[in-house]
Amino acid sequence: MPAIEDLPKNFDPAAAEKRWVPEWLSEGRYHYDPAVSRERSFSIDTPPPTVSGYLHVGHVFSYTQTDFIARYQRMRGKNVFYPMGWDDNGLPTERRVQNYFHVRCDPSLPYEPGLSEKFEPASSKTRSGPAKHVSRQNFIELCNRVTTQDEEAFKELWTRLGLSVDWRQEYATISEHSRHIAQLSFYDLFDKGHVYQSTAPMMWDTGFQTAVAQAEVEDRMIPGAMYRLAFGVKGTNDLVQVATTRPELVPACVALTAHPEDDRYAHLFGKTAVTPLFGMPVPIFSSEKVDKEKGTGLVMVCTFGDATDVEWWQEEKLPTRQAIGRSGRLQPLSFDGSLRTDAADQYSSLVELPIRKARARIVDMLREPGSAPSGTAPALIGEPETLEHAVKFYEKGEDPLEFIPTRQWFVRLLDKKNQLISQGEKLSWTPEFMGLRYKSWTENLQFDWCVSRQRYFGVAIPVWYGVDADGRIDHSKIIRADLKKLPVDPTSDAPPGYTPDQRGQPNGFVGDPDVFDTWFTSSMSPQINTGWVLNPDHHRQLFPFNVRPQAHEIIRTWAFYTVAKAMLHENSLPWENVLISGWVLDPNRKKMSKSVGNVMTPGEWIDKYGADAVRYWAASARLGVDTAFDENVLKVGKRLATKLFNAAKFVYQQPGGAGEITEELDRAFLGELAQLVERATAAYERFDYAFALSETESFFWTVFTDNYIELVKDRAKRGDATSSSAISALQLGLSVLLRLFAPVLPFITEEIWSWRLRGETGSESIHRAPWPSREDFSDVEASKNERLIEVVIAALTSVRKLKSEAKVSMIAPIEGLELVVHPDAAPVLDSVLGDVVAAARANGAKLITDSGLGPAEARATGRLVAA
RNA sequence: GGGCGAGUAGCUCAGUUGGUUAGAGCGCCUGCCUUACACGCAGGAAGUCGGGGGUUCGAGUCCCUCCUCGCCCACCA
């Protein structure tokens, strides 16, 4: 231990961080030991953060909260498996790379070795020119370059924060291992019959030109208008009114429908309607799905306006008239069977227009006289009614989703809703109500999981398709990879039994051009961590995991898909506990994000207040509770670390050796501390680190430093038989308190531990020291007076009040001190009166009883003497 | 439209199964250089617990209802 005189005047967090981080890493303090039994291990399915290149305090919040639990479990003697992953796979990375290098991926270009290394971050100058186009392979190399940089930045932040991650367990969702596991997952689901391909219309983002899954869809309120259009009834001059918000889909109209009990339209069922402008004859059928109250009660069925259109199209076996193409522009359509000779002409002016322009154009056309199916009137009836309505968007997209028939791979989930719901009910959710989010999402599942994406930077779907003798791709002829060759990229590798030059040739093959939904891979995070079938022993050791910490907005994706995968692959739950963290709100109570976020980065907060203080802030919010960012809490955290430093200095300054704990006050203090240990331990067991911290903090400050230390100060330095009792109690108290604080404040506690306890206990690090328990107090006799601490604090407070009101210093001597207490409290106080007299700087004290006072109340009188 | 969470001192938050004058920290006020700490210490002021009903000897806590905020899910012709 350093000599106490040599300790700095104040705690320097930066110096401590510089000292301990390297030691923790080099000494493997947080290493997981695969040889330890499963029962003695504790596994964490850490969320892999999206490496975005931008760090804000929201990132430190939830990750630090997980660390509290990891550190507690480790001190409980558990062999903690605490990995860290990076979610670098996927669209955010693609976009970031496009901007960063001002580059676009063009899969038709050939790979240029060495090209990717030559790229430099785009300057404002180069950005103004056209983007450079590169091959898919080069683009992926650029993605890897950027994510590697970003991961370094995150890793630096995590280590500075003191996350007790075992960095040997680092993983990335784009790594070879992760791609291997994801492709194995696909084959296993394939063999079990859980995946299928389909060309049914799927939700499609026209901006990114990819299919998206229900989980990635969000509603946004956007302005629109309701148009009333006149349709004809074939063989009559009758007109019927249809209301629609999407008039540009009139050319894609394949039917009209109304509710079977709607008297207004009952006579039309089975008849044929005629569309305005294009004169196409379409059937009119009845459907329970129609809401009589909406619009005119008569619905235009198009291919495809929304999910209900898709259902009607399937049920009624309607033809497909796909007006909207993959890029969101209207595409050519034939008008065979039209009752109007000018239908194709009318439509030709719409082809190639983007949806919005097509809508404006067609509305103009519908205003023209004669656009109605019969007579000379315009088809548009009245003026459009503007409205604000909810429209589905891809969460990362800018244009409303369209339904477009494309070939996609799906995981069958709809038929397993009930099983998925019951899996969710078997999990323990913290906070409990978050389980409802999982449930309501699962109950409302509408589609199977579309897992294919028309993107580049992701895990390739590991299949090839046969090409027939005529050069046509046969998607039913699926060619799989040799399992030993995984992971594969079918766009560059040749399948088993083929040579590379057979790609695209008659009787040859083509690779699936798509990649998996990123959730397809990240839902395998437990298996990626264990190695799954590649390392069955390790898998058995860890799976199911003890905890999955994660944010609440990804319950429907990450949590849901991970539960689904574990069920489909192994008929198991992936974990026992789900811990849901809250959000960090900015001071205006909005979710903290790049645009509204705080200007200071987490690194700067650490610079200013220290890592322990930042962690203290994260510990002040319970799981699932959103918290406003408050710099004040950082200040308080820093003060706590400083106070610990100084209190410890005081304890170790006391001369003389420790001895048996013989004094009532010392025993009572340790008795209270033992109760605190029980409360804190129970709190950590239910993942309530915030309660454990606030109880410990309040005990430390109120009982330990403000009162106990003041009471024994004098006795400790007296050098008599009672001194060693005080010193022992101080040292034991400090040791226990340090360990209770260690999960939240790893730096200051490690620092103090190293002075003496490291050598005395043999625990090289406080973070490997045993969590406090009854064992710590086994040599201490229990106090006879349960309320002793309460009473003695009340007495000391009454003396302080006397001095404070007299506006004199707390060390002002007092003569003729009289302490008035409840009769029951008198003998209690009498047993420790010497310490009270000393702390009061009195020359003695007389106890007076008054049964009018409460059992823990005291009143002091006496003469203050000028110092 | 259905559901979940929140609404407690100027601010940030605790208030476990209903039980005596509702708590903490920050801020504020009044003091104190006290040999661990002035990044400290002591004392103090400050709340009709979102509104309204009800149950109860007793309600911040239970029930009903309404209001505000946030979120989840759904509807989206």
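Excluded from the calculations below are hydrogen atoms, water molecules and symmetry mates; all remaining heavy atoms, backbone and side chain alike, are included. Order of the sequence lines fixes the chain letters, A, B, ..., with proteins taken first and strands second; residue numbering starts at 1 for each chain.
Here B:U12 is the nucleotide among B:U12, B:A36, B:C41 with the atom lying nearest to any side-chain atom of A:D630. In the set B:C26, B:A36, B:G43, the nucleotide with an atom closest to the side chain of A:K643 is B:A36. Listed candidates were B:C13, B:C75, B:C71. Nearest to the side chain of A:Q446 is B:C75. Of all nucleotides listed (B:C76, B:C71, B:C13), B:C76 comes nearest to the side chain of A:K294. Distances from the side chain of A:N444 to the nucleotides B:C13, B:A74, B:G40 place B:A74 closest. Considering only side-chain atoms of A:A390, the nucleotide from B:C76, B:A36, B:C72 that sits closest is B:C76. Closest contact between the side chain of A:M810 and the listed nucleotides B:C41, B:C4, B:C39 involves B:C41.
Within 6.0 Å of CD on A:E388 lie more than 12 heavy atoms contributed by other residues, nucleotides or ligands. Enclosure of atom CZ in A:R718 by more than 12 non-hydrogen atoms of other residues, nucleotides or ligands within 6.0 angstrom is indicated.
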Show each protein N/O and nucleotides 28-30 of chain B N/O combination with a separation under 3.5 Å, one pair to a line.
from	atom 1	to	atom 2	distance (Å)
B:U30	O2'	A:K807	NZ	3.0

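Taking a pair to require two hydrogen-bonding distances under 3.5 Å in either a Watson-Crick or a G-U wobble arrangement, B:C57 pairs with B:G19. Pairing for B:C75 is absent, judged as Watson-Crick or G-U wobble with the two contacts each under 3.5 Å. Under the Watson-Crick and G-U wobble criteria, each requiring two contacts below 3.5 Å, nucleotide B:A45 is left unpaired. Summarising the base pairing, B:G5 is matched to B:C69 through a Watson-Crick or G-U wobble pair whose two defining distances lie under 3.5 Å. B:G40 is paired with B:C32 under the Watson-Crick or G-U wobble criterion, all donor-acceptor distances under 3.5 Å.
No side-chain donor from either of A:W312 and A:T257 sits under 3.5 Å from a side-chain acceptor of the other.
The aromatic rings of A:W617 and A:F629 sit perpendicular, their planes meeting at an angle over 60°, well past the 30° parallel limit. Using bins of under 30°, 30° to 60° and over 60° for the plane-to-plane angle, the ring pair A:Y689/A:F68 lands in the tilted bin.
A:K713 forms a cation-pi arrangement with A:F650, by the criterion of a distance under 6.0 Å to the ring centre and an angle within 45° of the ring axis.
Within the 4.0 angstrom heavy-atom criterion, no nucleotide atom of any strand lies near A:E697.
B:C32 atom P lies 14 Å from atom CG of A:L864, rounded to whole Å. One atom, NZ of A:K803, and another, P of B:G44, lie 16 Å apart when rounded to the nearest Å. If you take CD1 of A:I811 and P of B:G31, they are 19 Å apart, rounded to a whole angstrom. Regarding A:K635, its NZ atom lies at a distance of 17 Å from the P atom of B:C11, rounded to whole Å.
Test A:E631, A:K638, A:K635 against A:Y609 for side chain to side chain donor-acceptor pair (under 3.5 Å) and you get one pass: A:E631. Here the options are A:I381, A:L256, A:T275, A:V299, the test is side chain to side chain contact (heavy atoms under 4.5 Å, CB included), and the partner is A:V242; only A:L256 passes.
Toward the 5′ end of RNA chain B lies the nearest nucleotide of A:V633, the other residue of the pair A:V633 and A:D688 mapping further downstream.
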